[in-house]
Protein chains: 2
Amino acid sequence: MISQETDTEQLILEAAKKVFFKKGYDGARMQEIANEAGINKALLHYYFRSKDKLFEAIFFNAFQQFIPSVVENLNADISFERKIEIFVENYINMLINFPQLPSFVLTEVNRNPERIAEMFGKIGIIPSVILQGIQKEVDKGNISAVEPKQILANIVALCVFPFAARPLLQIVLTENDTAKYNVFLEERKKEVSRFIINSIKI
Amino acid sequence: MISQETDTEQLILEAAKKVFFKKGYDGARMQEIANEAGINKALLHYYFRSKDKLFEAIFFNAFQQFIPSVVENLNADISFERKIEIFVENYINMLINFPQLPSFVLTEVNRNPERIAEMFGKIGIIPSVILQGIQKEVDKGNISAVEPKQILANIVALCVFPFAARPLLQIVLTENDTAKYNVFLEERKKEVSRFIINSIKI
DNA sequence: GTCTATATTGTGATAGAC
DNA sequence: GTCTATCACAATATAGAC
């Protein structure tokens, strides 16, 4: 199934993504998106009826990226520790590629909480599959008897937070040195795995 | 030192806090703040010159709450484990009282990263004191040799994230049931301590 | 499809009476 | 100090020519 999008439509989507990610819905300006795309405002409304509709397109797409597709690992025939290592590494790599994604999603998710329930209907129920996978490991006695909810929250928190709070943490942890903070993020791939695994060892 | 604020000024500050916390700087409207305070727009400009100045007052105050004053615990004569337990419990209790604080601070910190460096100058260097405290424990051989930076990032992430991403996590973890999610947050006080302590045990 | 020009409404800020 | 009325401009959206 090839999604046949015109060049202009694609151009608008990329420009809108850039501006919405940086400024959020309220801060973004249609004029700025038009400039970014090298066209004029009227064309934005021609392709997408309103600012809201344009945003919807961007947000839905971003949301799918935010829940990484890692379900396949859960069924793979590898140890739980290894699954966590792979999950964390993939997750953080994805976030390094889309560093503004967390702050964008968190901002908009708080701005308009109602929208999310609707989103989840379209995307499916990946999270509950993950929770069941963790519970299975507890039942088998492979890990200590902690709430799967808590473990999942911990994994996501440890991966996402350093990106969501980057401007703050970069000052506190690495004297506002961007290169140093990038190293810190790289090191986290191993550190987060280690932290999680240590915390659920029998 | 009694800060002599008029009733009206206090009224405005509370209204502004409410609206800015909910809508963010870009989403907030001076009219809405005026309504919330039961006065008119002109008075807002009489007390605070501009929207920006009013926001500055709110943000600076929120920011001080965001870095809880826990330095005293670092010097107390108790075990490192106990210090972490107290820190986490105080931190999460504070967040339960100001549940919108994380999303507010994260949004604004990403919207205007430049402002933060300046803020830190006014607030002082609490974070570096915490980092040194952790390093001391490593040196004494009380905990495993992990980077203090990573530990601090982990503690803050585990405490803050469930509040910052609440609309999302409440759907994923507790079927969008507010009461259930509050229980989850309560349980986290013990869980986070346990997770951190397990992960740094020798 | 793409543009310029314009309508329409929203919003921060000020003037001036009381 | 507090209000009403209003300014000045910014921003979304549309009309209509090409």
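FYI, side chains are in, hydrogens and waters are out, and symmetry mates aren't considered; it's all heavy atoms of this structure. First the proteins, then the strands, lettered A, B, ... as listed; each starts at 1.
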Handout entry: Rounded distance (Å) that lies between atom C1' of dG12(C) and atom CZ of F48(B)
Key = 16 Å
Fill in the blank from the handout: From CZ of R49(B) across to P of dT14(C) the rounded distance in Å is 7 Å
Problem - Distance-only donor-acceptor check, side chains N154(A) and Q150(A), under 3.5 Å - result: no
Handout entry: Contact under 4.0 Å: T6(A) side-chain N or O vs dG1(C) OP1/OP2
Key = no
Problem - Nucleotide dT11(C), atom P - distance to CG of L54(B) in whole Å - result: 16 Å
Exercise for the section: Respond yes when some side-chain nitrogen or oxygen of R29(A) is under 4.0 Å from OP1 or OP2 of dA10(D), and no when none is. Expected result: no
Practice task
Ignoring hydrogens and angles, tell me if any N or O in the side chain of R188(A) forms a donor-acceptor pair with the backbone of L158(A) under 3.5 Å.
Solution key: yes
Completion exercise
Q31(B) atom CD is separated from dG12(C) atom P, nearest whole Å, by 9 Å
Handout entry: Interatomic distance where NZ belongs to K51(A) and C1' belongs to dA10(D) [whole Å]
Key = 12 Å
Exercise for the section: May I ask you to verify if any side-chain N or O of Y46(A) is less than 4.0 angstrom from the OP1 or OP2 atom of dT14(D)? Expected result: no
Practice task
Please check if any side-chain donor atom of N182(A) sits under 3.5 Å from a side-chain acceptor atom of E186(A), or the reverse.
Solution key: no
Practice task
Could you work out which one of dG1(C), dA13(D), dC3(D) sits closest to the side chain of L43(A)?
Solution key: dG1(C)
Exercise for the section: Would you indicate, yes or no, if dC3(D) has its OP1 or OP2 atom less than 4.0 angstrom from a side-chain nitrogen or oxygen of N40(B)? Expected result: yes
Problem - Which residue lies more 5' along DNA chain D, comparing G38(B) with K41(B) via nearest heavy atoms - result: G38(B)
Practice task
Grab the CG-C1' distance between L44(A) and dC3(C) for me, whole Å please.
Solution key: 13 Å
Problem - Whole angstrom value for the distance that separates P of dG10(C) from CD of E32(B) - result: 14 Å
Practice task
State whether H45(A) places a side-chain N or O below 4.0 Å from either non-bridging phosphate oxygen (OP1 or OP2) of dT14(D).
Solution key: no
Problem - Touch class at under 4.0 angstrom, heavy-atom based, for A34(A) against every strand present - result: nothing
Practice task
Return the nearest nucleotide to the side chain of Y47(A); candidates are dT14(C), dA13(D), dT2(C).
Solution key: dT2(C)
Practice task
Figure out the CD1/C1' separation between I39(B) and dT4(D), and round it to whole Å.
Solution key: 14 Å
Practice task
Apply side chain to side chain donor-acceptor pair (under 3.5 Å) to the pair Y25(A) and D26(B), showing each step before the final yes or no.
Solution key: CA-CA 9 Å; Y25(A) 179 85; D26(B) 290 322; over 6 Å; no
Problem - dT2(C) OP1/OP2 closer than 4.0 Å to side-chain N/O of T8(A) - result: yes
Problem - Short side-chain donor-acceptor distance under 3.5 Å, E108(A) and N112(A) - result: no
